[in-house]
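These notes concern the structure reproduced below.
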Amino acid sequence: MADSMPITEAQLLGMFLESVFLGFFLITFVQCIDILLRDTTRSGWRAPRSINWPMLVVAILLFVFATLDVALGVVHNIQAFVYSSGKDGPTAEFSQISDWINIMRTVTVVFQTTIGDGMLIYRCWIVYERAWLVILFPLTLWLTGMALDIWIIYIEGTLRTRTLINAAKLSPLITAFWVLTITLNITATSLIVLRLWKVDRESSLYTYRSETESSVPTRARPSSNLRRAMIIIIEAGAMYTAVAVIVCGTYIGGSTAAYFTSDVEVQVVGIAFNLIIIRASRKIDFDRTVSSVVPLSVIRTPVNLNPRGRDITDTQTPTIQFKVEENTERDDAESTDRIKYTHDSLHCESESA
């Protein structure tokens, strides 16, 4: 398929766009590292045992691959536009598909994507209380994608000819890789959102509301923390998946636009990961919050506030007003069958005759 955009223009546009998105990524990366390493309740650094090491390691790896891809792009453009000779110097330089820079840039794209997908599966595994059966399909897609990563890199390193990334031998493999990535993201994100929605619906059945709160329409009531978590997951997943669909479309169309769209995708993977941590870290003021851990078996059992069948409107009966709000943060240090709950505005008022 003929492409109206020369490879030189695609490379320059890719370097510009990736540099812009790298700036966005670095802003979110600094905030993400601060959240993972600092204890906001004590105004100091977290103890090593309280650090979420899987998240920290992944955040650093995403940073390494994101900055490495930009650095390789700068070096490649300098080699093509400054040091190459001849009329077709830049084009010939970019067309050396088996050159080490081209191979390394492919490595950064596929492995950055693979790390992001792996972390999404990990979050799904945690949300479903480490149930392997739930993540079996996404995990199969992820492992298949890993095999395609290795095969793509091997083919690109052994072509030894002047061609572009949409070569006949590479295009089917790369297209299959992006289709797997899109399917995995949609599946895993949907599973996480479904789990949060079910827990939110079940817990809302056993949440007491006063007459004033009950009179407020459902749509006008403040969203629970679980609902806000669903929004965060959906927005991050939609951003990541949308970019992946665009990249896949450019490869299917055989366009050189695949170069700059894949450059942007490298940065978006890290941005989506960081934004989930940043937005999920916003908590209620601890001075007015009492935290406790409630087993799921408790919240699934209706609470009888009137066990003796007495009229609760009787002035001699103590009245209890409470409100339970869910905190979607998962604490790996706690038991795997528990979800942390935050009790806000918990108070009891007793009236005597």
Side-chain angles (χ1 to χ4, degrees), residues 1-29 62-113 116 149 152-153 155-157 159-171 173-175 177-178 181 239-240 242-272:
M1 177 180 176
D3 195 343
S4 59
M5 180 177 292
I7 181 60
T8 51
E9 183 179 343
Q11 289 282 4
L12 286 173
L13 184 58
M15 185 176 67
F16 169 74
L17 290 176
E18 188 172 19
S19 299
V20 172
F21 278 87
L22 176 64
F24 296 144
F25 170 75
L26 291 178
I27 293 173
T28 59
F29 174 74
L62 293 177
F63 167 77
V64 169
F65 280 112
T67 53
L68 178 61
D69 194 66
V70 173
L72 290 171
V74 172
V75 172
H76 205 188
N77 278 276
I78 291 175
Q79 287 184 352
F81 292 105
V82 177
Y83 296 109
S84 61
S85 58
K87 182 179 178 181
D88 296 329
T91 301
E93 177 68 27
F94 291 132
S95 300
Q96 294 290 346
I97 192 67
S98 296
D99 184 66
W100 72 273
I101 291 185
N102 279 322
I103 295 174
M104 283 300 301
R105 297 204 72 185
T106 300
V107 169
T108 57
V109 172
V110 296
F111 279 100
Q112 181 86 328
T113 305
D149 292 348
I152 290 170
I153 295 170
I155 295 296
E156 184 175 351
L159 279 177
R160 304 295 180 185
T161 184
R162 288 187 178 182
T163 186
L164 300 179
I165 199 68
N166 51 15
K169 290 185 177 180
L170 283 173
S171 183
L173 297 174
I174 297 176
T175 301
F177 169 78
W178 286 111
T181 295
M239 177 175 62
Y240 182 16
V243 175
V245 169
I246 294 172
V247 176
C248 183
T250 58
Y251 274 105
I252 293 175
S255 173
T256 53
Y259 281 89
F260 61 80
T261 55
S262 59
D263 289 342
V264 171
E265 192 271 344
V266 171
Q267 307 301 326
V268 169
V269 173
I271 293 173

[X]: partners by side chain to side chain contact (heavy atoms under 4.5 Å, CB included), with sequence neighbours left out:
X     : value
Leu17 : Leu13, Phe260, Val264
Val64 : Ile60
Ser19 : Met15, Val70

Any residue meeting ring-ring contact (aromatic ring centres under 6.0 Å, His included) with [X], in chain and number order, not counting sequence neighbours:
X      : answer
Phe111 : none
Phe177 : none
Phe81  : Phe94
Phe63  : Phe29

Checklist entry - When you measure from the side chain of Gln267 to the backbone N and O of Ala66, does any donor-acceptor pair fall under 3.5 Å? => result yes

Checklist entry - Quick one: does Thr256's side chain have a donor or acceptor within less than 3.5 Å of a partner on Met5's backbone? => result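 Present.
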
Heavy-atom closest contact ([X] atom, [Y] atom, distance):
X      : Y      : answer
Tyr240 : Val268 : CA-CG1, 4.2 Å
Ile152 : Leu170 : O-CD2, 3.8 Å
Leu164 : Ser95  : CD2-OG, 3.9 Å
Ala80  : Pro90  : O-CG, 3.4 Å
Leu72  : Ile101 : O-CG2, 3.9 Å
Arg160 : Ser98  : N-OG, 2.9 Å

Checklist entry - Does any non-hydrogen side-chain atom of Ile174 lie less than 4.5 Å from one of Trp178? => result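 Of all side-chain heavy-atom pairs linking Ile174 with Trp178, at least one is under 4.5 Å.
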
Measure the spacing between [atom1] of [X] and [atom2] of [Y] and express it to the nearest 0.5 Å.
X      : Y      : atom1 : atom2 : value
Asp149 : Leu173 : CG    : CG    : 10.5 Å
Glu265 : Ile246 : CD    : CD1   : 11.0 Å
Thr175 : Asn166 : OG1   : CG    : 9.5 Å
Thr261 : Glu18  : OG1   : CD    : 11.0 Å
Ile103 : Leu159 : CD1   : CG    : 9.0 Å

Sequence neighbours left out, what passes side chain to side chain donor-acceptor pair (under 3.5 Å) with [X]? Give chain and number order.
X      : answer
Gln112 : none
Thr106 : Glu156
Thr91  : none
Glu93  : none

Item to check | Full working for side chain to side chain contact (heavy atoms under 4.5 Å, CB included) between Tyr259 and Thr250 | outcome: CA-CA 9 Å; Tyr259 281 89; Thr250 58; over 6 Å; no

Checklist entry - Which pairs count as salt bridge (Lys or Arg N to Asp or Glu O under 4.0 Å) when at least one residue sits in residues 64-80, sequence neighbours excluded? => result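 The answer is Asp69-Arg105.
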
